[in-house]
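A short write-up of the structure that comes next.
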Amino acid sequence: MTVRTRFAPSPTGFLHIGGARTALYCWLESRRRGGEFVLRIEDTDRERSTDAAVQAILDAMQWLGLNHDEGPFYQTQRLERYRQVADDLVKAGKAYYAYESKEEIEAMREAAMAKGEKPRYNGYYRERNEPLRDDPNRVIRFKNPTEGSVVFDDKVKGRIEWANAELDDLVIFRSDGWPTYNFAVVVDDIDMGITEVIRGDDHVNNTPRQINIYHALGATVPEFAHLPMILDKEGKKLSKRTSAVSVMEYRDDGFLPHALLNYLVRLGWSHGDQEIFSTDEMIALFDIADVNKAASRFDTEKLAWLNQHYLKTDDPQTLAPEFAWHLARAGVDTSNGPAPADVIVALRDRVHTFKEMVEKAMIWYGPIVEWDDKAVAKHLKNDTAVAVLQQAKTLLADCEWKPEPIHRVIERIAATLELGMGKIAQPLRVALTGTQVSPSIDHTLYLAGRAEALTRIEAAIGRAQG
RNA sequence: GCUCCCUUCGUCUAGUGGCCUAGGACACUGCCCUCUCAAGGCGGGAACACGAGUUCGAGUCUCGUAGGGAGCACCA
């Protein structure tokens, strides 16, 4: 049988880190086993679902490259199907109408809690067989077995057993005419032929109820795999307040989709000591059964390390479009400056993200906006600096404009003036950037372009003497 | 409160009874390299939550304790 997994987010916000990892694992599991990956939007919460959120999720999935084979399916378009299945259940005596108001249910819960019991529905209408009647409070409840237990072998958590006595008759159809989550997922997963249900472990407690519904419907129960949570640096639930949670925020912050994927795949899963995984390796090696049981914390520093790793090892030409996107987003006009791919080569050892790279690249795409007084005082305000700059101005005017020849010119100045490289590079660096920090001086000069470099050196001579 | 789940360096993890004086990676840190900043190379510190038991032998199996998490909705 073909393996079919699904990712089923509810469109109440952006795709967050935890959801992205769940989607990744679903995607990898289907890919490795030659199966299919289905995308389903669980939008039965009419209050909180929005079209914008649906689009945001689709965009994020696309940016990550997690392509689906089927869907997206929308639960709101399947109302008739849910209604039909629920009616069949009622006709078969496996579900029933109940008429308590929300207030009555609430009172029931509180009473149970007061007695030290688990809050459960008391089954008042279960065996009454009252004739169907119109009522604003009318819901359909599932007749959960009262005896025995539900056992399932979770692929990550292991064997889990649940006494039916702990479960109550959950509502499967609300008074507003919409199905509830626990019912809709089961109907969908059956109809869509899902064989592996991979989702967050906040759903573990729902699984026994769902399995009972599968049985009532006479359907084959799929395999389950419940993934542990991803916590923030402090070990708390990830929240917008403390860290970036939306995957698109990571794109905007200058991370590469593959770096994020690599980080996420290692968060809760491993293959020996291997840290770096290409997409193909992930697909070949990932196995949902190897996922850890415990929650893990999101560590931005390790993500940053991975991102720099890919910045350093990916082909600058293939990275260039993404970098150009960030430059454009920052309002940089690249037509009057160096090629983005050249800038990547010069800066990739010095930054962790494209965002940082854009900031450092500004020295080549615009005038010096700010002069570091300390740098000027230390490296420009002296006679040797002036001598260096003057020689540079002359010799750089007609050397071949490439890093290597430029480097030879600098060495020649050092030899003529009998100075160490530091005495040459720093004045030039301040002249070119206004600061004491930049990539190697030959590349810094090269990327500025001959005309701009000479202009800045000229200006620096004036500043040094003024 | 009840039910279920989790627990190896600061963090992500390796480890499936002897290969563990517990390995790797990020972070931190020392040295080297060096035109600045990085990057890189070579080192360093750092963990089996606790207690019983099973066993010749336990990070690995069992049971308790403690701590943490999730769920107990007409939300997904």
Side-chain angles (χ1 to χ4, degrees), chain A residues 8-12 42-45 47-49 75 98 100-102 105-106 109 112-121 137-141 154 157-158 160-163 165-168 170-182 184-185 199-208 226 228-229 231 233 235-237 263 266-276 292-306 308 312 347-351 360 375 379 407 410 414 420-430 433 435-442 444:
Chain A
S10 60
T12 55
E42 307 211 324
D43 53 356
T44 52
D45 183 344
E47 304 273 303
R48 301 193 298 150
S49 301
Q75 289 189 321
E100 285 87 356
S101 66
K102 290 179 186 177
I105 297 297
E106 184 56 32
R109 296 188 43 182
M113 291 275 262
K115 281 196 292 182
E117 287 167 11
K118 217 167 158 171
R120 299 162 76 248
Y121 174 63
N137 289 326
R138 189 227 282 168
V139 298
I140 299 177
R141 284 185 182 270
D154 191 279
K157 299 279 182 185
I160 293 175
E161 183 163 359
W162 214 286
E166 293 295 329
L167 274 19
D168 65 353
L170 70 157
V171 352
I172 57 177
F173 243 87
R174 301 182 222 160
S175 55
D176 67 0
W178 286 90
T180 58
Y181 165 77
N182 281 111
V185 250
R199 71 223 309 192
D201 71 2
D202 46 332
H203 292 284
V204 177
N205 304 288
N206 290 322
T207 307
H226 288 95
M229 296 194 76
L231 277 12
K233 213 171 164 55
K236 302 263 192 267
K237 208 166 180 170
Y263 178 72
R266 279 286 288 103
L267 198 59
W269 172 83
S270 63
H271 178 71
D273 289 336
Q274 189 171 344
E275 297 287 350
I276 306 298
N292 283 148
K293 296 177 177 184
S296 47
R297 302 186 189 200
F298 194 87
D299 181 9
T300 314
E301 308 231 288
K302 187 159 183 183
L303 205 213
W305 170 76
L306 272 167
Q308 186 184 39
K312 287 190 300 185
L347 292 174
R348 60 184 174 180
D349 284 341
R350 297 169 168 78
V351 300
K360 291 200 190 286
H379 299 293
H407 187 75
I410 290 165
M421 285 297 273
K423 291 278 186 227
I424 312 296
Q426 286 308 79
L428 278 168
R429 187 154 6 240
V430 177
T433 71
T435 73
Q436 307 188 59
V437 179
S438 86
S440 65
I441 194 60
D442 43 9
T444 300

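The sequence lines fix the lettering, A, B, ..., with proteins before strands; numbering per chain opens at 1.
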All side chain to side chain contact (heavy atoms under 4.5 Å, CB included) counterparts of A/Asn292, not counting sequence neighbours: none
Residue list, side chain to side chain donor-acceptor pair (under 3.5 Å) with A/Arg138, at least two apart or on another chain: A/Asp134
Heavy atoms under 4.0 Å, any strand shown: does A/Gly268 hit a base, just sugar-phosphate, or nothing? sugar-phosphate
So A/Asp43, base contact, sugar-phosphate only, or nothing? Heavy-atom distance under 4.0 Å. nothing
Under 4.0 Å: is that the gap between some side-chain N or O of A/Thr44 and OP1 or OP2 of B/A76? yes
Only counting residues at least two apart or in another chain, list the ones meeting side chain to side chain contact (heavy atoms under 4.5 Å, CB included) with A/Lys102. none
Give a yes/no answer on whether the side chain of A/Asn182 brings an N or O atom under 4.0 Å of OP1 or OP2 in B/C74. no
Upstream residue (5' side of RNA chain B) when A/Val351 and A/Asp202 are each assigned their closest nucleotide: A/Val351
Sugar-phosphate, base or nothing in reach of A/Gln436, heavy atoms under 4.0 Å: base
Using the C1' atoms only, state how far B/G41 lies from B/A22, rounded to an integer number of Å. 26 Å
Are any protein N/O atoms closer than 3.5 Å to N/O atoms in nucleotides 59-68 of chain B? If there are, list each pair with its distance.
none

Is any side-chain nitrogen or oxygen of A/Arg174 closer than 4.0 Å to OP1 or OP2 of B/C75? yes
Please tell me which of A/Arg141 and A/His407 maps to the more 5' nucleotide of RNA chain B, matching each residue to the nucleotide holding its nearest heavy atom. A/His407
Using the test side chain to side chain contact (heavy atoms under 4.5 Å, CB included), find all partners of A/Ala112 that sit at least two apart in sequence or belong to another chain. A/Glu117
Which pairs, protein N/O on one side and nucleotides 42-44 of chain B N/O on the other, fall under 3.5 Å?
none

Could you tell me which residues satisfy side chain to side chain contact (heavy atoms under 4.5 Å, CB included) with A/Asp201, sequence neighbours excluded, listed by chain and number? A/Lys157, A/Val204, A/His226, A/Pro228, A/Met229
Are A/Ser296 and B/U13 close enough that a side-chain N or O sits under 4.0 Å from OP1 or OP2? yes
Are A/Lys302 and A/Glu275 ion-paired here, with the side-chain N under 4.0 Å from a carboxylate O? yes
Would you check if there is a donor-acceptor pair between the side chains of A/Thr444 and A/Ser438 at a distance under 3.5 Å? yes
Verify the contact: side-chain N or O of A/Arg48 to OP1 or OP2 of B/A76, cut-off strictly under 4.0 Å; return yes or no. no
Polar-atom pairs under 3.5 Å, protein N or O versus N or O of nucleotides 2-6 of chain B: list them with distances, or write none.
unit_1, atom_1, unit_2, atom_2, d
B/C5, O2', A/Lys157, NZ, 3.3
B/C6, OP1, A/Lys293, NZ, 3.4

Mind checking A/Pro208 for me? I need base, sugar-phosphate or nothing, with any heavy atom below 4.0 Å counting as a touch. nothing
Heavy-atom pair with the smallest gap, counting every atom of A/Ile424 and A/Pro427: O-CD, 3.3 Å
In terms of side-chain heavy atoms of A/Arg350, which of B/C37, B/C74, B/A39 is nearest? B/C37
Return the set of residues passing side chain to side chain donor-acceptor pair (under 3.5 Å) with A/Ser440 (not counting sequence neighbours), or none when no residue passes. A/Asp442, A/His443
A/Arg120 CZ - B/C74 P separation (whole Å): 13 Å
Counting the atoms with a prime plus P, OP1 and OP2 as sugar-phosphate, which does A/Ile424 contact under 4.0 Å by heavy atoms, base, sugar-phosphate, or nothing? nothing
Look at all strands and tell whether A/Asp168 reaches a base, only sugar-phosphate, or nothing, counting heavy atoms closer than 4.0 Å. nothing
For the side chain of A/Arg297 and the base of B/C12, is some donor closer than 3.5 Å to an acceptor across the two? no
Got a sec, which residues hit side chain to side chain donor-acceptor pair (under 3.5 Å) with A/Arg141, two or more places apart in sequence or on another chain? none
The nucleotide from B/G1, B/A14, B/C12 with an atom nearest the side chain of A/Met113 is B/G1
Produce the list of close N/O pairs, under 3.5 Å, pairing protein atoms with atoms of nucleotides 23-28 of chain B; give distances to one decimal.
unit_1, atom_1, unit_2, atom_2, d
B/G23, N2, A/Asp273, OD1, 2.9
B/G24, N2, A/Arg266, NH2, 3.4
B/G24, N2, A/Glu275, OE2, 3.0
B/A25, O4', A/Glu275, OE2, 3.4
B/C26, OP1, A/Trp305, NE1, 3.4
B/C26, O2', A/Lys302, N, 3.4

Of the listed nucleotides (B/A73, B/G1, B/C35), which one gets closest to any side-chain atom of A/Ala425? B/C35
Spacing of A/Arg429 atom CZ relative to B/C35 atom P, expressed in whole Å: 10 Å
Remember a base hit wins even if backbone is also touched, and classify A/Glu47 as base, sugar-phosphate or nothing at under 4.0 Å, heavy atoms. nothing
Distance only, no hydrogens: is a donor on one side chain within 3.5 Å (strictly under) of an acceptor on the other, for A/Thr207 and A/Arg199? yes
For B/A14, does OP1 or OP2 lie under 4.0 Å from any side-chain N or O of A/Ser270? yes
Who are the ring pair (Phe, Tyr, Trp, His ring centres under 6.0 Å) partners of A/Tyr263, not counting sequence neighbours? A/Phe298
